Student: 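Okay, handing you the structure first.
Quick note: numbers below take in every heavy atom, side chains included, and nothing from hydrogens, waters or symmetry partners. Not measured: the values here are computed from a predicted model.
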Amino acid sequence: MLELRPILSALWRHKISALLIALQLGLTLAIVSNASVVIQERKERIARPTGIAEADIVTAHFMPIPKDYDLLEAFRLDMDMIRQLPGVAAATISRAPLAGSGSSGGFHTKPHQEVGSTGAAFFSGDEHFIDALGMKLVAGRNFTPSEIRIMESSSSERPTITIITQQLADTLFPEGNALGKSLYFGGDDNPMEIVGIVERNLGPWPNSSVAGNTVFFPAIMDTQWYDYIVRAEPGQRDAVLKLLEEKMAERDAERVIEVKTLTEQKTRYYAGDNTMIKVLTGVVSLLTFIVALGIVGLTVFWITQRQKQIGVRRALGATRTAISRYFLLENLMIAATGVALGTAAAQIFNQFLASEFGQPALPLSTTLICAFILLAVSVAAALVPALRAANISPAMATRSV
């Protein structure tokens, strides 16, 4: 307590420089805490379970060269061949999930509704679809071969049955018991009976508002935008990928074939999130380094200015520990002021970002953790200059006299 008065007196004499460091700390805390919550939110988003066996899945897509190419016949021949390949557990024809490309629409629980729909992505697939994606059927049943319709892409025909995700079932039927109930696409009056519910599927756009709301139709359409989705046996994905590309080219050379893993497509989809994580991590590290550098510079400057004063204190019996503690406590008071300002600024800044850009809310606990880290960095930055001050000789008191 006896050291507080001289510390406050010294800070008052150097109030501009002390205030600038405190403001720098406060601004850094506001930016770092908000950046941290964005980083955490993006990491959690990327790490979400997808509900599919993404690590074992290979996708293949082809573009036919002839204009009169028979897509449906190619689908049939390719599937017959692919399902016989060694290492293949299951295969189907549909659009690949997690790839950023697909279809979506509004769904209702009653006919002829035009407002209040629930958005969901939808896929068309055959009876192998659930198995090929490695999804878990938690209620009801799978499609049967007799229920799969071959449809033209321009057809307006609607299926009479469907399978949906558990998330969509809970949204549309919060009271439960979605199995056996009807679903309506858009504002039409064609009921689609829910015959099965799968545990999870994020759909084609994991970052969208419809992620997790997914509907599956029992159909195969004659469109070149379809993919072959092939699930390999565990540990056989790369071998299946190579074999798949080779055998598809052998069977039909009149097309351009692209084969890749679903993991690659997922990584490409999340490229923006991963880039943001890296950029924000770099910004946080850089700001923390700049703050530490500023504290070191200010502490060294003050020690240089007070060498004679320190020498007098040492001559009067002050210990090295007392000298070091003095400068550490002085720095801690500046840092605490900056942290207090930064905590308030972080919450205000977050409210603006949340309202204008949809950023997730900043928990006070995250701000306090960041504040504690910055306080620790501040003390660590001032430690070496403070130890240097403690080594100033009492003889410094007689210099320049």
Side-chain angles (χ1 to χ4, degrees), residues 44-59 79 82-83 87-99 102-104 107 118-145 147-148 159 161-183 192-208 210-220 226-237 240 261-267 269-270:
E44 290 176 353
R45 181 187 296 177
I46 294 172
R48 284 176 302 171
T50 60
I52 61 178
E54 57 190 88
D56 298 322
I57 293 176
V58 175
T59 66
M79 281 293 103
I82 291 171
R83 288 169 182 154
V88 172
T92 191
I93 308 167
S94 187
R95 298 296 297 272
L98 309 179
S103 303
S104 66
F107 291 85
T118 299
F122 59 86
F123 294 87
S124 297
D126 60 13
E127 70 275 15
H128 301 279
F129 184 80
I130 291 178
D131 192 22
L133 284 176
M135 293 189 292
K136 181 180 179 182
L137 193 67
V138 296
R141 63 173 178 85
N142 193 5
F143 300 134
T144 63
E147 293 170 332
I148 308 304
I161 60 172
T162 185
I163 295 174
I164 66 175
T165 56
Q166 184 68 64
Q167 178 178 304
L168 182 59
D170 293 339
T171 301
L172 292 173
F173 305 98
E175 73 282 1
N177 302 318
L179 198 65
K181 294 185 177 178
S182 295
L183 199 63
M192 295 180 290
E193 181 187 355
I194 301 172
V195 298
I197 299 174
V198 297
E199 182 179 36
R200 184 179 292 108
N201 187 303
L202 294 181
W205 312 286
N207 285 347
S208 72
V210 301
N213 289 349
T214 315
V215 179
F216 310 106
F217 299 144
I220 296 176
Y226 265 16
D227 301 298
Y228 295 158
I229 301 173
V230 182
R231 180 170 63 85
E233 298 287 353
Q236 298 296 309
R237 185 194 66 181
V240 167
T261 67
L262 191 59
T263 301
E264 290 173 335
Q265 297 188 64
K266 179 184 176 183
T267 300
Y269 180 85
Y270 281 122

Student: Of L137, L168, V138, which is the lone residue that meets side-chain contact (heavy atoms from CB on, under 4.5 Å) with I197?
Tutor: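 Among L137, L168, V138, the one meeting side-chain contact (heavy atoms from CB on, under 4.5 Å) with I197 is V138.
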
Student: Do R200 and T165 come close enough that some side-chain heavy atom pair is under 4.5 Å?
Tutor: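 The answer is no, as the side chains (C-beta and beyond) never meet within the 4.5 Å cut-off.
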
Student: Enter the distance from Y269:OH to L98:CG here, rounded to the nearest 0.5 Å.
Tutor: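 The distance works out to 9.0 Å.
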
Student: Please find the pair of heavy atoms, one from G203 and one from T214, that lie closest to each other, and give the distance.
Tutor: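 Looking at all heavy atoms of both residues, the shortest contact is N-OG1, 3.9 Å.
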
Student: Might you work through the side-chain contact (heavy atoms from CB on, under 4.5 Å) test for Q166 and V198, ending with a clear yes or no?
Tutor: CA-CA 6 Å; Q166 184 68 64; V198 297; over 6 Å; no

Student: Can you find a pair of side-chain heavy atoms, one from P218 and one from P159, that are under 4.5 Å apart?
Tutor: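 With C-beta onward as the side chain, the pair touches.
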
Student: Do L133 and S94 make a side-chain contact, defined as non-hydrogen atoms from C-beta onward lying under 4.5 Å apart?
Tutor: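 Result no, sub-4.5 Å side-chain heavy-atom pair not found.
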
Student: If you round to the nearest 0.5 Å, how far is OG1 of T50 from NZ of K266?
Tutor: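 The distance works out to 5.5 Å.
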
Student: Over all heavy atoms of both residues, which pair between Y270 and P206 is shortest? Give the atoms and the distance, please.
Tutor: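 Nearest heavy atoms, Y270 then P206: OH-CB, 3.0 Å.
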
Student: Going by salt bridge (charged side-chain N to carboxylate O under 4.0 Å, His left out), name the residues that satisfy it together with E147, two or more places apart in sequence or in a different chain.
Tutor: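 Salt bridge (charged side-chain N to carboxylate O under 4.0 Å, His left out) check on E147 returns R141.
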
Student: For the NZ atom on K181, are there more than 12 heavy atoms of other groups (residues, nucleotides or ligands in this structure) within a distance under 6.0 Å?
Tutor: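 For K181, atom NZ is crowded (more than 12 foreign heavy atoms under 6.0 Å).
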
Student: Under a 4.0 Å N-O cut-off, is there an ion pair linking E54 with R231?
Tutor: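 Salt bridge flag = no for R231 with E54.
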
Student: Can you tell me how far the OG atom of S182 sits from the CG atom of L172, to the nearest 0.5 Å?
Tutor: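 The OG atom of S182 sits 12.0 Å away from the CG atom of L172.
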
Student: Quickly, which of L262, I82, D56 forms a side-chain contact (heavy atoms from CB on, under 4.5 Å) with V230? Name it, please.
Tutor: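 When side-chain contact (heavy atoms from CB on, under 4.5 Å) is applied between V230 and each of L262, I82, D56, only I82 qualifies.
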
Student: Evaluate the side-chain proximity of M135 to F216: yes if any heavy-atom separation is below 4.5 Å, no if none is.
Tutor: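 Side-chain contact under 4.5 Å: yes.
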
Student: So, do I52 and P97 sit near enough that their side-chain heavy atoms are less than 4.5 Å apart?
Tutor: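 The answer is yes; the side chains approach within 4.5 Å.
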
Student: To the nearest 0.5 angstrom, please state how far the OG1 atom of T118 sits from the CZ atom of F107.
Tutor: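 One gets 10.0 Å once the value is rounded to the nearest 0.5 Å.
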
Student: Rounded to the nearest 0.5 Å, what separation is found between the CD1 atom of I164 and the CG atom of N201?
Tutor: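 Here the interatomic distance stands at 12.5 Å.
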
Student: Flag the pair T261 / E264 as yes when at least one side-chain heavy-atom distance between them is below 4.5 Å, and no otherwise.
Tutor: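 Yes, close enough: below the 4.5 Å cut-off.
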
Student: Quick one, I148 with I220, criterion side-chain contact (heavy atoms from CB on, under 4.5 Å). Give me CA distance, side-chain angles, the key distance, then yes/no.
Tutor: CA-CA 7 Å; I148 308 304; I220 296 176; 4.2 Å; yes

Student: Are Q265 and T59 linked by a side-chain donor-acceptor pair shorter than 3.5 Å?
Tutor: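 Yes, because at least one side-chain N or O of Q265 sits under 3.5 Å from a partner of the opposite role on T59.
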
Student: Identify the heavy atoms of N213 and Q167 that sit nearest to each other, and give their distance.
Tutor: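 Smallest heavy-atom distance, with atoms named: OD1-NE2, 3.0 Å.
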
Student: In a table with atom names and distances, give each donor-acceptor pair under 3.5 Å that connects a side chain of residues 120-129 to protein atoms at least two apart or in another chain.
Tutor:
from: D126; atom 1: OD1; to: T92; atom 2: OG1; distance (Å): 2.6
from: D126; atom 1: OD1; to: H128; atom 2: N; distance (Å): 2.9
from: D126; atom 1: OD1; to: F129; atom 2: N; distance (Å): 3.4
from: D126; atom 1: OD2; to: R83; atom 2: NH2; distance (Å): 3.1

Student: side-chain contact (heavy atoms from CB on, under 4.5 Å) for R237 and I57? Distances and angles first, verdict last.
Tutor: CA-CA 7 Å; R237 185 194 66 181; I57 293 176; over 6 Å; no

Student: Starting at CZ of F217, measure out to CD1 of I163 and round the result to the nearest 0.5 Å.
Tutor: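 Separation between the atoms: 11.5 Å.
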
Student: Check whether any side-chain heavy atom of F173 lies under 4.5 Å from a side-chain heavy atom of I194, and answer yes or no.
Tutor: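 Yes, their side chains come closer than 4.5 Å.
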
Student: Do V88 and E233 have side chains that approach each other closer than 4.5 Å (heavy atoms only, starting at C-beta)?
Tutor: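 No, too far: nothing below the 4.5 Å cut-off.
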
